[in-house]
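I have placed the structure first, in the form of C-alpha cells, so that the comments after it can refer back to it.
Keep in mind that the numbers below use all heavy atoms, side chains included, and drop hydrogens, waters and symmetry copies. Every chain is numbered from 1 and lettered A, B, ... according to where its sequence line falls, protein lines coming before strand lines.
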There are 2 protein chains.
Amino acid sequence: MSLEGNTGDERPRGRRADARRNQQTVLAAAAEVFVTHGVDAPIRRIAARAGVGMATIYRHYPTRADLVTAVYHHQIEACAEAGPDLLASSGSPFEALRGWVDLFVDFLVTKHGLADALQSDSDRFAALHTHFLDRLMPVCARLLDAAVDAGEIRPGVQPYELMRGIGNLCIGRDGDSRYDPRRLVELLLQGLRRPQAPAAECR
Amino acid sequence: MSLEGNTGDERPRGRRADARRNQQTVLAAAAEVFVTHGVDAPIRRIAARAGVGMATIYRHYPTRADLVTAVYHHQIEACAEAGPDLLASSGSPFEALRGWVDLFVDFLVTKHGLADALQSDSDRFAALHTHFLDRLMPVCARLLDAAVDAGEIRPGVQPYELMRGIGNLCIGRDGDSRYDPRRLVELLLQGLRRPQAPAAECR
DNA sequence: GACTAAACGGAGCAGCGCTCCATATGGTTA
DNA sequence: TAACCATATGGAGCGCTGCTCCGTTTAGTC
C-alpha cells in the first residue's frame, strides 16, 4: 500500500533531481485538474497537463488513492501557508479571508473526492480528516480574528463553524449547472460583514 | 429522463411480445449480476447473461440509473411477494424469516448501489427509499409476528429495527474478503431466537 | 403467405487504466 | 572533462469499458 504517503518533498538524497521536480509538477497539475474535472479525471489528462508521461505518474503514485491523498496533503499545506501570506499582502484582513476561502473551496473538491477514492479505508480517511482540522482551523482562526480586530466582520463566528459551513455548501454534486457553491460561499462571507455603521452606500 | 420508471410490466398493448419478454429477462439478469458483481458491472456482462444484445438493454433502459432503478423496484416487489409465499411453504416461520432475509440481503446490494447510480438526484432517491419502507416493513412485520407467535424468536423486535440493522451490516464495502455481511446477518438472526427452554443441545 | 413496423444483435468507435521497454539523463567516478 | 550506468522517462500498446449505428430478423396483421 505504498508507504510514501508524505507531502512529496522527503528523501533529500538518493532520488534524482528530475524525479523530485517531476513529482512536484505532477502534484500541482493533479490539483488543478481535480478542481476543474473532479477526482475521477483521466490520468492521461493529468499527465498532459504536467507535461510528463503517464508512467511517471504511476511510478510516483501507484494508485489513484495515493495521488489524491498526496494532493490532499499538498493542498492542506498550501492553504495553511497561504493564510499568513495573504494577511500580509492583502489590502485588508477581509480581503485576505476571501482569498483564503477561495483556496479552501478549491481544496474541498479534493477532500470530498477523497472519500470515494479511498473507498472503504475509513481509518485512513479519519486520520486525514483530523490532520485537516488540526492544520487549518488555527489558520482560519487567525484570519477571522484579524478581520474582527479590523472591525470588518462581526465577532463570535467560530472557525470550525465557518469551515464546516463552507464545506457543506460545496457538497452539492458537480455537474449540476443550477448550483454554484462559490456563489453561495460568497454570500456567506458577505453575511459575516459587520452591519455597516453609516448608511451611505447601504441603499 | 425516460419516464418508464415502472416495474416493467405495463403497456399491455402496442408493444411486441418479445420486447416485453426481453425486458423481464434483462431485469432478472441484471438483478443477478448486480448481486454477484456490483451495480457497476459492465452492460456487456448483463447482456451476455440475459442472452440479448447490448442495444436491447440500452433501448429499454437508456441510462444505468434507469436500469438500477428498475431492478430496485423489481426486487422490492419480489421481496414483498416472497414474504407470504415463504410463510406458506417453509417448515416454520423462522425458516421463512431466514429465507426472506436472504433475499433481502441480495436486494441491499442494489439499494446501496442506487445512491451512487443516481448521483445527485437526491429527491428521486428519497422517493425510492420511502417506497422501500412502505412496501417491505409490513412484510417483515408479518414474518416477525408469525415467528413470535410460534415461540421461535423473542418478542419485541421491531421490523424497522431489524431491516435497518441488516442494512447497516451490509454496508461494509464489497471486495473486502475479511468481511462477510451474510455471516453477521446469520448471527443476528440466531440472536433473535428465543432462549432455548431446556438445555440439551445448548452445550 | 406476404407485408411492414418493431425489435434485435453485434461490429465498431472512442475513451479509459495500466504496463512494458527502448531511450534519455543525472550523478558519480576516474 | 569524459565515460559510465542506475535511475527516470515517455508513449505505444493491450485489454476493457460505454454507447451507437445499421443490416437483419421477427411478431403481428391483412
Atom pair distance, as rounded to whole Å: CZ in R21(A) and P in dT25(C): 11 Å

Spacing between R45(B) atom CZ and dG18(D) atom P, to the nearest angstrom: 11 Å

Whether H131(B) and H73(B) hold their rings parallel, tilted or perpendicular, with breakpoints at 30° and 60°: tilted

Protein-nucleotide distance (L67(A), atom CG; dG17(C), atom C1'), rounded to Å: 13 Å

Contact check, side chains of Q190(B) and R98(B), non-hydrogen atoms, under 4.5 Å: yes

Nucleic acid footprint by protein, nucleotides 6-12 of chain C - heavy-atom cut-off 4.0 Å, B for base, S for sugar-phosphate alone: BSBBBBB

Heavy-atom side-chain contact between I57(A) and M54(A) under 4.5 Å: no

Side-chain polar contacts of residues 28-36 of chain B - donor-acceptor pairs under 3.5 angstrom, sequence neighbours left out - could you list them?
| from | atom 1 | to | atom 2 | distance (Å) |
| --- | --- | --- | --- | --- |
| E32(B) | OE1 | R49(B) | NE | 2.9 |
| E32(B) | OE1 | R49(B) | NH2 | 2.3 |
| T36(B) | OG1 | E32(B) | O | 3.2 |
| T36(B) | OG1 | V33(B) | O | 3.2 |

Those residues that, when tested against R64(A), pass side-chain contact (heavy atoms from CB on, under 4.5 Å) (two or more places apart): I43(A), V68(A)

Spacing between I46(B) atom CD1 and dC19(D) atom P, to the nearest angstrom: 11 Å

Interatomic distance, I43(A) CD1 vs dT19(C) P [rounded to whole Å]: 11 Å

Length of the CD1-P vector between I57(A) and dG10(D), whole Å: 10 Å

Residue whose closest nucleotide on DNA chain D lies nearer the 5' end, A41(B) versus A17(B): A41(B)

Pi-cation contact, Y72(B) with K111(B) (under 6.0 Å, within 45°): no

